[in-house]
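Report on one structure; see the data block that follows.
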Protein chains: 2
Amino acid sequence: MTVSRVLNEHAGVKASTRARVLAAVAELGYRPNSMARALVTGRSRVLGVVGFDTRLYGPATTLFGIEQAARDAGYTVRVTTLESTGQNSGEEVMRDLMSESLAGVILAAPHDWAAGALPHLTKGTPVVVVDVDIEQESAPVVGIAQHAGARQATEHLLSLGHRTVWHVAGPVDWPSAQARETAWRTTLTEAGRKAPAPLRGDWTARSGYEQGRRLVRRKDVTAVFAANDQMALGVLLALREAGLDVPGDVSLVGFDDIPEAAYFWPPLTTVRQDFDEAGRLALDLLVDQIEGAGVRDGLTVVEPELVVRASTGPAARN
Amino acid sequence: MTVSRVLNEHAGVKASTRARVLAAVAELGYRPNSMARALVTGRSRVLGVVGFDTRLYGPATTLFGIEQAARDAGYTVRVTTLESTGQNSGEEVMRDLMSESLAGVILAAPHDWAAGALPHLTKGTPVVVVDVDIEQESAPVVGIAQHAGARQATEHLLSLGHRTVWHVAGPVDWPSAQARETAWRTTLTEAGRKAPAPLRGDWTARSGYEQGRRLVRRKDVTAVFAANDQMALGVLLALREAGLDVPGDVSLVGFDDIPEAAYFWPPLTTVRQDFDEAGRLALDLLVDQIEGAGVRDGLTVVEPELVVRASTGPAARN
DNA sequence: GCGCTGGACGTTAACGTTAACAAGAGCTCC
DNA sequence: GGAGCTCTTGTTAACGTTAACGTCCAGCGC
């Protein structure tokens, strides 16, 4: 029908006819049925997004960025959130996704999980991965340059005169945690310093506190780099309880720059990640694929930025 | 076809036939096309969720709860996030939603916005509202008992001997902020105390800090109730910078019990809200409506809980 | 044996849209 | 003036599923 042509902005409709159609549409409050459209075209304007523990600030913000950008681009977002790795196999989740004729998929699970799930997508489905190092680059990846950020954090502490830097790391199965840890170790080694054994946390302030209590038992700790701001907060509390001053006795750097970090006591030196931007970028890449502008393969990188506040200072103690 | 009957678990299929169908389904990897199903039945297994600034801990967690419960119930979730009131009119968003033959809608926008949007849903669409006081109870509402929580917080401070309690309130257009403020004022009045003018924040730590700096100029402030934990964090920093001790000079209570609150310095006394649970409850109510178990109208309440930590103590100063 | 009943399964049409083709009007060009 | 072209609009069929009805056959009672 001519209505379809008008609404899809196909050429070959007289201006006067278009006007009449639009008038009727407005009068009747007509909205095209997206199901019928998806059925016949085989493609919907719905994007699948798989997120991982979206209660956390980073994932939540990325999701937010994706959703906002999707709406601007005329797409709709269907979200699946995973809480833990074991919970749902990649195969199962992907098969569920595939039966919904989605226009494309964003894997925003900053987790090894994503790498395992990727092969189960039906061939040809546009896909973008956020924040994971996929070995075989079978999909475009948007990542934040974790290495660069962790390097800046570590170098900042070294430049203040600290002999070495302790690290409270994130969970082993999160690639971003791995990247931060590796970069921290490399930076120390390159500077000719010995990297102490990292302390393993799980992103929560609680785990940061627990590892912080282990740190204060040693007398030689003057600089700590925590893999995220929440863990840094926990470390901060442990240091305080042990009567240590920050940054007088110990300097501390976090990662993420959550909105609260500037209001910690002392305000936290940290590495800002633009999660929002990563989400928007991922969406742009996906839409390019869907609308035929071609697959821009490889890695798109968002640069993090060291934000120096009051939790770091020159090495004094020791 | 018989396949449809088998997959929808309709009666009247011989056991042997059902087995053959299931075998074929497994072998071929057949998945029913949800678009086609939705087209013919007029109802999908997709739920629309409208969220409001899901970067914040509360909304993000509620969304998470909804999504998890939805998946358990065999539904899929399509998310729309709003950033600010003006951004999208209720009418526009609702009309977009309506053209997708959704099974139901959850308005998780803890905001006056939801009240305005409700009338634009097409009659008969199952709907549940989270965290808003809808005047005319045209929909079931899941709310957290803001009043009870704020009352507990205020009474706790009074019981410690504080003359009165100052309040750093949330934005005026959030009903939950209004409820907390009203309950705080009522509790003070009932106790025969004078309620000082509330200081208005916007949920951020930054706004808490700004209002905190105004508070420290006065010499008569011994107890502060902040409408959320982030603002409490900002207040904490302002107090610290002014050389005041918490809880020695000033007692401070927050609201929400974000996971970080227990690791503030000092650990924050606050009111725990179970956002997760609210989300799950909303989903249950919605599924009941959809599957014909009837509309349970009225208010479903999740009780908040005062968590006493180290940021409150007996009134000493003054 | 006949008709009736009910269980198991097949057939038809419809959901609302779009792709592909058909048709008609008006125009150009020789 | 008619063949052929273009520009616009209409018609047909198809996407994959389900509701409603139709058919077939076995079993039963008389």
Side-chain angles (χ1 to χ4, degrees), chain A residues 1-48 74-76 78 95-104 122-126 290-292, chain B residues 1-48 74-76 78 95-104 122-126 290-292:
Chain A
M1 146 106 79
T2 302
V3 177
S4 170
R5 274 187 273 256
V6 170
L7 296 180
N8 292 299
E9 292 174 4
H10 286 208
V13 180
K14 225 196 304 184
S16 65
T17 323
R18 166 179 300 125
R20 282 200 302 142
V21 168
L22 292 176
V25 163
E27 186 184 337
L28 302 173
Y30 166 85
R31 306 240 83 190
N33 180 314
S34 61
M35 303 292 137
R37 175 179 289 171
L39 183 60
V40 70
T41 60
R43 278 284 150 90
S44 62
R45 306 273 299 173
V46 180
L47 268 24
Y75 288 85
T76 246
R78 173 222 184 283
R95 288 188 61 160
D96 278 357
L97 280 180
M98 291 298 86
S99 65
E100 298 196 48
S101 16
L102 299 172
T122 56
K123 200 83 183 164
T125 307
I290 293 169
E291 298 179 355
Chain B
M1 146 112 72
T2 303
V3 176
S4 171
R5 274 188 271 257
V6 171
L7 296 180
N8 292 300
E9 293 172 3
H10 285 207
V13 180
K14 227 196 304 182
S16 64
T17 325
R18 167 180 299 125
R20 284 198 302 141
V21 169
L22 292 176
V25 163
E27 186 185 335
L28 301 173
Y30 168 84
R31 308 239 84 190
N33 180 315
S34 61
M35 303 291 136
R37 175 179 288 170
L39 182 60
V40 70
T41 59
R43 278 283 150 91
S44 63
R45 307 275 296 175
V46 180
L47 268 25
Y75 288 83
T76 246
R78 172 221 185 283
R95 289 189 60 160
D96 278 357
L97 281 180
M98 291 299 88
S99 65
E100 298 196 48
S101 17
L102 300 171
T122 56
K123 200 85 183 164
T125 306
I290 293 169
E291 297 178 357

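Please read these numbers as outputs of a predicted model, since none were measured by experiment.
A heavy atom lying under 4.0 Å from DNA chain D marks the following residues of residues 39-48 of chain A, by number: A/Leu39, A/Val40. Near DNA chain C, meaning a heavy atom under 4.0 Å from it, residues 3-13 of chain A has A/Ser4, A/Asn8, A/His10 in order of number.
Residue pairs meeting the salt bridge (charged side-chain N to carboxylate O under 4.0 Å, His left out) criterion with at least one member in residues 3-25 of chain A, sequence neighbours excluded, do not occur. Residue pairs meeting the side-chain hydrogen bond (donor to acceptor under 3.5 Å, both in side chains) criterion with at least one member in residues 22-37 of chain B, sequence neighbours excluded: A/Asp96-B/Arg31.
Note that the CZ atom of B/Arg43 and the OG1 atom of B/Thr125 stand 6.0 Å from one another [nearest 0.5 Å]. With rounding to the nearest 0.5 Å, the separation of CG in B/Leu47 from CG in B/Leu102 is 7.5 Å.
Closest approach of A/Pro32 and A/Leu7 over heavy atoms only: CG-CD1, 4.4 Å. Here the shortest heavy-atom pairing between A/Met35 and B/Glu100 reads CE-O, 3.0 Å. In terms of heavy atoms, A/Tyr75 sits closest to A/Val46 at CD2-N, 4.5 Å. Heavy-atom minimum distance, B/Ser44 versus B/Ala38: CB-CB, 3.8 Å. For the pair A/Ser101 and A/Gly42, the tightest heavy-atom approach, listed with the atom from each and the gap, is CB-O, 3.9 Å.
Of all nucleotides in DNA chain D having an atom under 4.0 Å from a heavy atom of chain A, the first and last in 5' to 3' order are D/dT8 to D/dG16.
Five base pairs at each end of the helix from C/dG1-D/dC30 to C/dC30-D/dG1 define two local axes, and these are offset by 60° (rounded to 10°).
Using a 4.0 Å heavy-atom distance criterion, A/Thr17 is classed as a sugar-phosphate-only contact.
With hydrogens and angles disregarded, no donor-acceptor distance shorter than 3.5 Å links the side chain of B/Arg78 to the backbone of A/Thr76.
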